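Presented below is the structure to which this report refers.
Keep in mind it's a predicted model, so treat the numbers as computed, not measured.
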Amino acid sequence: MGKGFYISKVVAVTCVVVAISAVATIIALSVVYSQEKSKNEVTAPSTTSPNTATPSTQPPSTTPSTPKEPWQRYRLPDSLAPISYNVTLWPRLEPNANDSYIFSGKSKVVFKCVKETDLILIHSNKLNLTTFKGHHATLTGLDGATAPTVKITWLEVPTQYLVVQLKSPLQAGSMYELFTDFVGELADDLGGFYRSEYIEDGVKKVVATTQMQPTDARKAFPCFDEPAMKAYLLLHQLHTFVYPVNITMHGLNLTQTRFEPTEIMSTYLLAFVVCEFTYIASKPEADVLVRIWARRKAIEEGQGDYALEKTGPILAFFEKYYNSSYPLKKSDQIALPDFSAGAMENWGLITYRETALLYNPGVSSNGDKEWVATVISHELAHMWFGNLVTTRWWNDLWLNEGFATYVSYLGANKAEPTWNMKDLIVLNEIFGVMAVDALASSHPLSSKEEDILKPEHISELFDSITYSKGAAVLRMLSEFITESVFSKGLHTYLEEFKYNNTVYTDLWKHLQMAVDKAGISLPGPVEVIMNRWILQMGFPVVTIDTKTGSITQKHFLLDPDSVVDRPSPFNYEWYVPITWIKTGVEKEQYWLVAKEATNKNMTLGVDEWLVANIDMRGFYRVNYDSDNWERLLTKLGSKHTDIPVINRAQIIDDAFNLARAKTVNTTLALRTTKFLHKEVEYMPWQTARRNLDYFYLMFDRSEVYGPMQAYIKKQVTPLFNYFKDLTVNWTKIPENHTDQYNQVNAISLACSTGVEGCNNLTTGWFKEWMENKANNTISPNLKSTVYCSAIAAGGEKEWDFAWSMYKNATIASEADKLMYALSCTKQPWLLNRYLKYCLDPKKIRKQDATFTIVYIASNPIGQPLAWDFIRSNWNHIFNDYGGGSFSFGRLIDGVTKRFSTEFEYKQLLQFKEDNAGNFGSGTASLEQALERTKANMNWVAMNEKQVLEWFTNEASSPV
């Protein structure tokens, strides 16, 4: 960004800045929030007689299914274009007489009339606008233009507009300024301009902060709240901290902090925070000023040091990767006590959950450290891809978020080169999202603009398809055109469209230019290849017959009997880049561009074996003829390390999912786990564990459970002993990053299956902590497992101790571990009490309520309790506890994963009927839950007998 940033001594942080010195005097509103709310809650006039309606007497209006009037449509017309905003906000960090927290503000928006019109539509939501001579806004002409007289104004609640009708039209090419004066609630709903609270030294502290994405800037001030409506932003903040006073208002000494102007930007990328935080900063000689902001004690304890250490190298990596300088002069990053998302890429002021930015080496685990590195990398990637260049509308959200998710692993790999982050994307993103995308109720990555209109439609897009599948297909693209060519295409794309908006085809064009320049041969243009991956949902299973070289592709569905009613423009065929290893030798890439093909190079001789999709570079599953499956199982049993570690994990994941899809026998999938007794690598173990978790979900209430436990105990015992030796009887931490993860698998699986000595180990550690709570010696990596194991084995005493430690935790990652572990108890009454705590923000923060309920539901004892709780409290959750606080999709998904009976399916249908229209961003998840339940019912009926028999035989057979 061309303009420099600065911040006064006032501890208020913002990415919005001003250079204008003359600011209008700000007059505080003299009425309390409730009075303003009562006076200004008005809706649209009757469309039959707009001339006679007045703001205070207008009848309610509804938005019809087929909008006729512009203010009944959810998209702004193209008649006006914002140029700049000059906004002053005054958040009150003390409650008023009605125990409400409010903020007041004034805004001047300068806009250009692009097409002649007598109507101004500007977004405004939950703002109570002061009226001036009966109108909610005043209009001024600029540069010699004459402003038309305002005829009528009203707030159109369904579409969240301030509507200004004029007596004569605005003139095309002329500039105007719209002034508004408003009051809003500084609520604790985690959206827009909101309130966060924390306790420091026994005193409650209040923070005024923001989360604008996707459609909540309109809750902070009236604005043209669409990504393509970019404008310059100028911000002034009023506050009452003890700093040099420059304004006195209503007897209050206030400080006005003036920020420099932004470059042109989208409203959803705006952020500002008023707080009493402190910070640490990069060295003065650094090209970019980096500051990490947090609660004073967190900074004093060094919790921001790791983030500060890694931000610079990650920024430098992206500058080189994009071949483009960081657009701003500073990068503020702030950890907030209450925040709905993991983090938000606001331009120049990135906001985070505390767990995503703060790290304490003595308390936080290696997983916490990895999370901080990848989230920082994700958000910094957005500074170019999303902020400098922004997609035109939310239907292309996948491009922003999928891209940032993919390259976050590249940035984190640069920051921590020994972690193998480029491999972990397969485990963390790709395997998981394949299970979602294999449902008939999945959706394409890219939607039509006209299909994504309402705020709830937009919010629904923030799912694993957008993030994880988006990352997977872009990684696949980068692999087959090479990473260097991919980054060259990104460079020219960013250069052409900086400070502007794009659609996804603009990226394809620039990548095609880079491909052509490099002379790379592809089976078609980049756009033709990639459209098949983003414009139709799902992915293929590629079946290879190694006897004939025949290769086929088919849309992969977890439930092959499900009905796919979503049409595909490509008949569910893909351009599939096939890579393969033949008896240990990597072969040249082959493109499958039709349903069937033949490649004789894939035929095998005696004792040869073949693994396709090397390192899961492509977003597809692989099935083989039975002979090759047997050869792979033999190789795993004899010398498993001949197969690359990612592909060992892939074989397990493909086999289990193919079995669920009735493509291979379930016992074949189970046989892919038999080599694990000699496997010590994390990725195969973690993949097996996740897939066996499905068996637990389906069978932990049946007679299969006992033999299954016995088999897993047999397989994990050598791993438990391996780590016992590696860590010198649990006294050292493994050096390797993924070994630290696999040590957790070894202990948690060993304890849950009854491996001798494991539960004594974990309960002993926990007991030592209970006896000396000031000295927790449990390894940070093992805390979640130890806490959960000990609480599951204990009772009220252990639970109450953990609850006390949770409430007093000053480090967010430690609180998260305890929050999870509290759900592990086997006492139903404790779980019910914990569920009730979830709707009390004084006990469980709103940002954590969804996760806590899902944790409880993952406990087989807690699942029916959580389901009853959700159903009985749905109206409260949806209407009073929703907004940015709850992720309805995650909630529905987490509470229904175990469903596998006709009774549960009927309950789910009844839940849908009882709450019709009240699922918001969880609507798609509800449909997926119904589909998944039906598939689970069929799978259990078909497999229970053979699974019981297999586990029984294998549990008693020698290793």
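With contacts defined as side-chain heavy-atom distances shorter than 4.5 Å, the pair Ser266/Lys230 qualifies. Side chains of Val372 and Tyr352 form no contact here, defined as non-hydrogen atoms less than 4.5 Å apart.
For the side-chain contact (heavy atoms from CB on, under 4.5 Å) with Trp394, the lone residue among Glu460, Glu449, Gln213 that qualifies is Gln213. Checking each of Met383, His382, Met344 against Leu269 for a side-chain contact (heavy atoms from CB on, under 4.5 Å) leaves exactly one that passes, namely Met344. Each of Thr267, Leu270, Leu235 was scored for a side-chain contact (heavy atoms from CB on, under 4.5 Å) with Tyr85, with one residue passing: Thr267.
Remark: Arg353 fails to qualify as a cation-pi partner of Trp371 under the 6.0 Å distance and 45° angle criteria applied to the six-membered ring.
Although no hydrogens or angles enter the test, the distance criterion places no donor-acceptor pair under 3.5 Å between the side chain of Gln512 and the main chain of Trp508. Thr88 places no side-chain N or O within donor-acceptor distance of the main-chain N or O of Lys106, the cut-off being under 3.5 Å. Remark: the backbone N or O of Thr257 is not paired with any side-chain donor or acceptor of Gln237 at under 3.5 angstrom. With hydrogens and angles ignored, the 3.5 Å screen pairs a side-chain donor or acceptor of Asn395 with a backbone N or O of Ser447. Within the 3.5 Å criterion, the main-chain N or O of Tyr322 finds a donor-acceptor partner in the side chain of His491. Judged purely by atom type and a 3.5 angstrom limit, Thr153 uses its side chain to pair as donor or acceptor with the backbone of His136.
A distance of 11.0 Å separates CZ of Phe919 from CG of Leu891, quoted to the nearest 0.5 Å. In this structure, the separation between CD1 on Ile430 and CG on Asn428 is 9.5 Å, given to the nearest 0.5 Å.
Using a 30° and 60° split on the angle between ring planes, Tyr321 and Phe486 fall in the tilted class, from 30° to 60°.
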>> Pair Thr466, Asp463 - check side-chain contact (heavy atoms from CB on, under 4.5 Å), show working.
In response: CA-CA 5 Å; Thr466 291; Asp463 65 0; 3.2 Å; yes
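A salt bridge does not link Glu185 with Lys126: every distance from a Lys NZ or Arg NE/NH1/NH2 to an Asp or Glu carboxylate oxygen is 4.0 Å or more.
Annotation: salt bridge (Lys or Arg N to Asp or Glu O under 4.0 Å) contacts of Glu496 (sequence neighbours excluded): Lys509.
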